[in-house]
Amino acid sequence: MLLEVNDLHVTYGRIQALRGVDLVVGEGEIVTIVGSNGAGKSTLLLAVSGLRPIRAGSIAFGGEILHKRPPHERARSGLVQVPEGRRLFAGLSVEENLALGGYKTPRSRRNETRLGEVFDLFPILATIKERRAGLLSGGEQQMLAIGRALMAEPVLLMLDEPSLG
């Protein structure tokens, strides 16, 4: 299994956001988590990414225990999240935002190839690559956020509210 979440518990102070969550994601699978606002979908992704501490349970990625590793190590191992609200660098250009997504291999031929793949997937980004991210429409920003995540060559891509914008 690519990702295994077992008996996960997450709290916000005294409020229990997740209680006993189990999730298994195999290689090549597409898994969707559906629920109402406040059901814990974003909290689950934040916990898997290491951005929200867990109270109990375990998280394994590629067979390795993950829940004690810091977020940057999780990202370097190929666990990449597109957060809700995109969180782009508004003052930087489209191309600069994408370059930051590929920071693991800066200025390499591989990064140029990935950039071309992102532009093939989202052709509008190629035409506006010099524009500042903060000036893009909501849909363009969402494409940029997903493109930035793809630049990191994810093994597992987690999208939080991908239809936003």
Side-chain angles (χ1 to χ4, degrees), residues 2-3 5 10 12 17 23 25-54 59 61-62 64 66-67 69-165:
L2 190 57
L3 177 69
V5 175
V10 177
Y12 287 91
L23 174 69
V25 178
E27 234 176 281
E29 286 187 334
I30 297 173
V31 175
T32 303
I33 301 167
V34 179
S36 61
N37 289 341
K41 302 178 301 294
S42 295
T43 298
L44 174 60
L45 296 183
L46 290 170
V48 170
S49 296
L51 298 171
R52 184 77 212 158
I54 67 172
I59 302 168
F61 179 62
E64 293 185 32
L66 194 66
H67 59 273
R69 293 174 63 191
H72 69 278
E73 287 182 15
R74 296 178 198 207
R76 282 194 186 127
S77 70
L79 184 63
V80 178
Q81 179 179 358
V82 177
E84 181 180 7
R86 305 172 200 108
R87 299 197 186 136
L88 299 171
F89 296 96
L92 298 181
S93 71
V94 166
E95 194 167 27
E96 290 167 330
N97 269 274
L98 291 171
L100 286 172
Y103 75 94
K104 290 193 304 186
T105 53
R107 299 217 183 261
S108 71
R109 179 169 296 205
R110 191 172 180 170
N111 247 5
E112 291 172 19
T113 301
R114 292 297 292 168
L115 184 61
E117 291 170 353
V118 169
F119 286 156
D120 287 345
L121 186 61
F122 302 116
I124 188 71
L125 294 182
T127 67
I128 58 173
K129 64 184 180 184
E130 300 298 324
R131 193 174 302 164
R132 280 190 277 149
L135 300 176
L136 304 180
S137 72
E140 291 166 341
Q141 287 184 5
Q142 191 66 21
M143 288 185 267
L144 178 55
I146 293 169
R148 183 181 60 189
L150 292 173
M151 290 293 294
E153 299 184 281
V155 174
L156 178 65
L157 181 60
M158 299 185 301
L159 305 170
D160 193 358
E161 299 285 350
S163 63
L164 186 66

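For reference, positions follow the sequence shown, starting with 1.
- Between the R74 side chain and the H67 main chain, a donor and an acceptor come within less than 3.5 Å of each other.
- Distance check, rounded to the nearest 0.5 Å: CZ of R148 to CD of E96 gives 13.0 Å.
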Run the side-chain contact (heavy atoms from CB on, under 4.5 Å) check on E95 and L115 step by step: do they pass?
CA-CA 9 Å; E95 194 167 27; L115 184 61; 3.7 Å; yes

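- Using a 4.5 Å cut-off on side-chain heavy atoms (C-beta onward), L100 and L92 make contact.
- Side-chain atoms of E84 never come within 3.5 Å of backbone atoms of D160 as a donor-acceptor pair (strictly under, hydrogens ignored).
- Rounded to the nearest 0.5 Å, atoms CD (Q81) and CZ (R87) are 7.5 Å apart.
- Annotation: the span from M143 atom CE to L136 atom CG amounts to 8.5 Å, rounded to 0.5 Å.
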Table please: side-chain donor-acceptor pairs of residues 29-41 below 3.5 Å, with sequence neighbours left out.
unit_1, atom_1, unit_2, atom_2, d
E29, OE1, G26, N, 2.6
K41, NZ, G35, O, 2.9
K41, NZ, S36, O, 2.9

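- The CG atom of L144 sits 4.5 Å away from atom CG of L88, with the distance rounded to the nearest 0.5 Å.
- Looking at every heavy atom in both residues, V80 comes nearest to A75 through CG2-O, 4.3 Å.
- Sorted by first and then second residue, the side chain to side chain donor-acceptor pair (under 3.5 Å) pairs with a member in residues 117-129 read R114-E117; sequence neighbours excluded.
- S49 approaches M158 most closely through the heavy-atom pair OG-CE, 3.1 Å.
- Contact detail for A149 and L157: the closest heavy-atom pair is CB-CD1, 3.6 Å.
- For the atom pair CG of L125 and CZ of R131, the computed distance is 10.5 Å after rounding to the nearest 0.5 Å.
- Within the model, atoms CD1 of I128 and OG of S137 stand 7.0 Å from one another, a figure rounded to the nearest 0.5 Å.
- Side-chain atoms of E130 never come within 3.5 Å of backbone atoms of S93 as a donor-acceptor pair (strictly under, hydrogens ignored).
- For the pair F61 and V48, the minimum side-chain heavy-atom distance is 4.5 Å or more.
- You'll find the side chain of S77 stays beyond 4.5 Å of the side chain of E64, heavy atoms only.
- Y12 has its side chain within reach of R52: a pair of non-hydrogen atoms, C-beta onward, lies under 4.5 Å apart.
- Shown here is R69, whose CZ atom has more than 12 heavy atoms of other residues, nucleotides or ligands within 6.0 Å.
- Closest approach of L150 to P154, counting heavy atoms only: O-CD, 3.7 Å.
- Considering only heavy atoms from C-beta on, E73 stays 4.5 Å or farther from L66 through its side chain.
- Under the 4.5 Å side-chain criterion, counting only non-hydrogen atoms from C-beta, Q142 is in contact with V82.
- Between L79 and V155, every side-chain heavy-atom pair lies at or beyond the 4.5 Å cut-off.
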